[in-house]
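What follows is a short report on a single structure.
Throughout, numbering of the chain's residues begins at 1 and tracks the sequence.
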Amino acid sequence: MLPDFYKAIPILSYLFIWCISCYSQNTGELTEGKEEIYNTTIVINLKKNADRESLSLAQHNPLFFSPRYIALPANSIDTSTNLKTVIRVAIEKPTYLSLGFSFLYIEPGDSLNMDFEVLLQTKERYKDTLHINHGNVFFKQRNVGILPSFNKYLSNIYDSLKNIKTADGMAESLSIEHLSSMADNWTELIYKEHPNLKHKSPIFETVKKFGADQFERLLMFRIMHLYTYTKEESLRNAIEKSVLNILQYYCVQEDDFDNIMTWGKYEAIYSFFKEMDLDAQSILEKFNGCNETVKQYVQLNLFNDGMLSEEQKLALIDKLTYPAFKEYAIQLDQNPHLGPEKSGYINNAIREARLFDVNDKELVFEELFKTTAQPYLLLDFSGSWCKPCLEEMSVYAKTRHLDNSKKVRPIWLFFENDKTKWLNIVERYNLKKENCFLVVGESGPILQKEFALLFGWEGEFPHYFLFAKEGEIINRRAKPLSMFEENDVSNLPPREKNKNAAPPLPPPPIQ
């Protein structure tokens, strides 16, 4: 659920540098004998030459891990023609490439032609428009997230699920048959949003498979949210059983391991079980019916989340058979910022992002950490425009059990365009004012980008992050504030000193 501000996120100076670096390394005539390696062409027609500064190019991580952006395949970028950028890339299989924060599906040999224009760009606002003239391509993500029509469809389904009162009703609504029907509707939305695609095109089955995988992945995170908030035990059991049925269905299908959406749906189910506070062995047992490659992917997620012992990590690296997994595991093993104790820190861009308190006093993000007496900070990314966020606040307001906690400081970060609205929400739910802050202007896109790159946030609201006061991430998907208890941090290892001296994590790779 995203406000209009996030429907068109700015491509800030960091991406300007990234973009310029891409162009400077690849612009110019192709050397003799090399042209044939660039088998796929993207032509971008510009309204004005200055719009080139808002274009950056990368590739989606095919394993659906962080970082989401990885280096582009071999490419050449030609900016010599006025009002036109021509990008040629060498891809051997269908790939998801990114333009700014938009991921698009493209196949080898495709010829994509699109119009691009920056409609508005100031320090506080950014908006662009993009139109596909021809090419068998479609967007996995447009700017920050999915398009409004998709978001509305998911929200309607979530609202329906929340109103179910019986276990049988929940089981029926989450049955494979019902999910398949809803996934078909999702595919029709894709065609509605992409007039360049035709139902009789060669990639119809690809679009349908992508639609089903994307819909089920995104729905799974809402099911996870539903499970967290459901108190009735019979309904919780029905939700868990339905997720297991969905997983069993996945496990008997023929998987395309070269498609990132395959891993995306398994990652979503893994996250559901992790949200249940299961240990590593219990999570892995849920995937017993899957093939060995999927089991290895789950183990790699456990590795990535710091849930394996040193002995288990070394054993896993030795037995990994899928080449991409082994390469990633070796990189993880060499990464000093991994797991609950070493999973990364806020970087300089996050530290310097501007916020405002209820008295309209400006501060930088880092001050939240420096001024917090408690060893942990629980961040709630929310907004007055976000209905689930308001529901969570209303539940928290009944107890306000963390307001005086000596271990955890609850912090609400409101992503807004209107300062008045968030102040009204603070008053309505009687939130502790010194724990409420406004994210406005260019700081919103900065935090959106950096939290996506460093901590895997996909822009959904509400979202909860648990940090140590030294700036170290503890849990990328923490419990909601209304359900979080001081005891949830009691079993965490003691914090080491001077963690804030750790270097920030690196930016995405540059091709």
>> Set out, in order, the CA-CA distance, both residues' side-chain angles and the distance that settles side-chain contact (heavy atoms from CB on, under 4.5 Å) for F465 and R477, then state yes or no.
In response: CA-CA 6 Å; F465 293 96; R477 295 186 183 277; over 6 Å; no
> Hey, is CD on E486 packed in by over 12 heavy atoms from elsewhere, all under 6.0 Å?
Replying inline: yes
>> We want to know whether D279 and S282 form a side-chain donor-acceptor pair, criterion being a heavy-atom distance below 3.5 angstrom.
In response: yes
> F139 versus F103: any side-chain heavy-atom pair under 4.5 Å?
Replying inline: no
> CZ of R222 to CG of D159: how many Å apart, nearest 0.5 Å?
Replying inline: 10.5 Å
> Going through the checks in order, is the side-chain contact (heavy atoms from CB on, under 4.5 Å) test met by S173 and L161?
Replying inline: CA-CA 7 Å; S173 295; L161 292 174; 3.8 Å; yes
> Checking K286 against F273: charged group under 6.0 Å from the ring centre and within 45 degrees of the axis?
Replying inline: yes
>> Hydrogens and angles aside, do T230 and R236 bring a side-chain donor and acceptor to less than 3.5 Å of each other?
In response: no
> Among pairs that include at least one residue of residues 255-268, which meet salt bridge (charged side-chain N to carboxylate O under 4.0 Å, His left out), considering only residues two or more places apart or in two chains?
Replying inline: R68-E267, K93-D258, D213-K265, R217-E267, D255-K265
> Below 4.0 angstrom, N of the basic side chain to O of the carboxylate: do E310 and K313 qualify?
Replying inline: yes
>> Around atom CD of E311, are there more than 12 heavy atoms from other residues, nucleotides or ligands closer than 6.0 Å?
In response: no
> Just checking, is any N or O donor in the side chain of S98 or Q59 under 3.5 Å from an acceptor N or O on the other one?
Replying inline: no
> Who pairs with C436 by disulfide (SG to SG under 2.5 Å), at least two apart in sequence or on another chain?
Replying inline: none
>> Can you list everything that forms a side-chain hydrogen bond (donor to acceptor under 3.5 Å, both in side chains) with Y158? Sequence neighbours excluded, please.
In response: H225
> More than 12 heavy atoms of other residues, nucleotides or ligands under 6.0 Å from NZ of K432: is that the case?
Replying inline: yes
> Step by step, would you call M307 with N301 a side-chain contact (heavy atoms from CB on, under 4.5 Å)?
Replying inline: CA-CA 9 Å; M307 296 179 68; N301 274 277; over 6 Å; no
> Considering residues at least two apart in sequence or located in another chain, which fulfil the side-chain hydrogen bond (donor to acceptor under 3.5 Å, both in side chains) criterion with Y191?
Replying inline: none
> Does the separation of the ring centres of Y376 and F467 fall below 6.0 angstrom?
Replying inline: no
>> Does anything in residues 373-386 form a salt bridge (charged side-chain N to carboxylate O under 4.0 Å, His left out)? List the pairs, not counting sequence neighbours.
In response: none
> Does some side-chain heavy atom of I260 sit less than 4.5 Å from a side-chain heavy atom of L63?
Replying inline: no
> Mind checking what makes side-chain hydrogen bond (donor to acceptor under 3.5 Å, both in side chains) contact with E427, not counting sequence neighbours?
Replying inline: K433
> Would you call W422 and V358 a side-chain contact if the rule is heavy atoms closer than 4.5 Å?
Replying inline: yes
>> For a quick check under 3.5 Å, do E232 and S234 share a side-chain donor-acceptor pair by atom type?
In response: yes
> Hey, what's the ring geometry for Y105 with Y96, parallel, tilted or perpendicular (30° and 60° as the breaks)?
Replying inline: perpendicular
> If every non-hydrogen atom of I164 is compared with every non-hydrogen atom of L235, which pair is closest and at what distance?
Replying inline: O-CD1, 3.8 Å
> What closest approach, in Å, do I474 and A468 show between heavy atoms, and which atom pair accounts for it?
Replying inline: CG1-N, 3.6 Å
> Should I239 and L226 count as side-chain neighbours, where that means a heavy-atom distance under 4.5 Å?
Replying inline: yes
>> What verdict does the side-chain contact (heavy atoms from CB on, under 4.5 Å) test give for L378 and R409, after you've listed the backbone C-alpha separation in whole Å, the side-chain angles of each residue and the deciding distance to 0.1 Å?
In response: CA-CA 6 Å; L378 181 58; R409 181 188 180 189; over 6 Å; no
> So do the side chains of Q374 and V408 get within less than 4.5 Å of each other, counting heavy atoms only?
Replying inline: no
> What's the spacing between I350 CD1 and E450 CD if we round to 0.5 Å?
Replying inline: 5.5 Å
>> For F461, run the ring pair (Phe, Tyr, Trp, His ring centres under 6.0 Å) check against F414, F381, F415 and tell me which one passes.
In response: F415
> About how many Å separate CD1 of I190 and NZ of K140, when rounded to the nearest 0.5 Å?
Replying inline: 12.0 Å
> With E391, which residues qualify under salt bridge (Lys or Arg N to Asp or Glu O under 4.0 Å), at least two apart?
Replying inline: K162
> Could you give the distance from NE2 (H401) to CG (L481), rounded to the nearest 0.5 Å?
Replying inline: 7.0 Å
> With a 3.5 Å cut-off and no angle check, do the side chains of Y396 and D403 form a donor-acceptor pair?
Replying inline: yes
> According to the interplanar angle, ranging from 0 to 90°, do the rings of F150 and W186 count as parallel (below 30°), tilted (30 to 60°) or perpendicular (above 60°)?
Replying inline: tilted
> ring pair (Phe, Tyr, Trp, His ring centres under 6.0 Å) with Y297: which of Y266, W263, Y270?
Replying inline: W263
> Hey, would you say the F138 and F210 ring centroids sit under 6.0 Å apart?
Replying inline: yes
> Among all residues two or more places apart in sequence or in another chain, which pass the side-chain contact (heavy atoms from CB on, under 4.5 Å) test with Y249?
Replying inline: I176, Q253
> For E470 and Y345, does a side-chain donor sit closer than 3.5 Å to a side-chain acceptor?
Replying inline: no
>> So that I know where these two stand, are Y328 and F303 an aromatic pair - ring centroids less than 6.0 Å apart?
In response: no
> What residues, two or more places apart in sequence or in another chain, satisfy side-chain contact (heavy atoms from CB on, under 4.5 Å) together with N430?
Replying inline: R400
>> Using the side-chain contact (heavy atoms from CB on, under 4.5 Å) criterion, which residues pair with E177? Sequence neighbours excluded.
In response: S175
> Once you round to the nearest 0.5 Å, how far does CG of L174 lie from CD of E240?
Replying inline: 13.0 Å
> Taking atom CG of L355 and atom CG of L438, what is their separation to the nearest 0.5 Å?
Replying inline: 8.0 Å
> Under 4.5 Å between any side-chain heavy atoms of V489 and L466, yes or no?
Replying inline: yes
> So, are K407 and E485 salt-bridged, with charged N and O less than 4.0 Å apart?
Replying inline: no
> Among all residues two or more places apart in sequence or in another chain, which pass the side-chain contact (heavy atoms from CB on, under 4.5 Å) test with K319?
Replying inline: Q299, L316
>> Going by salt bridge (charged side-chain N to carboxylate O under 4.0 Å, His left out), name the pairs with one or both residues in residues 180-193, residues two or more places apart or in two chains.
In response: none
> Going by heavy atoms in the side chains, are K274 and I283 under 4.5 Å from each other?
Replying inline: yes
>> So which atom in L390 and which in S384 form the shortest heavy-atom distance, rounded to 0.1 Å?
In response: CD1-O, 3.6 Å
> Can you check ring-ring contact (aromatic ring centres under 6.0 Å, His included) on F272 and F221, steps first, answer last?
Replying inline: CA-CA 7 Å; F272 176 88; F221 285 108; over 10 Å; no
>> Could you report the tightest heavy-atom contact between P462 and P388, atom names first, then the distance?
In response: CD-CB, 3.7 Å
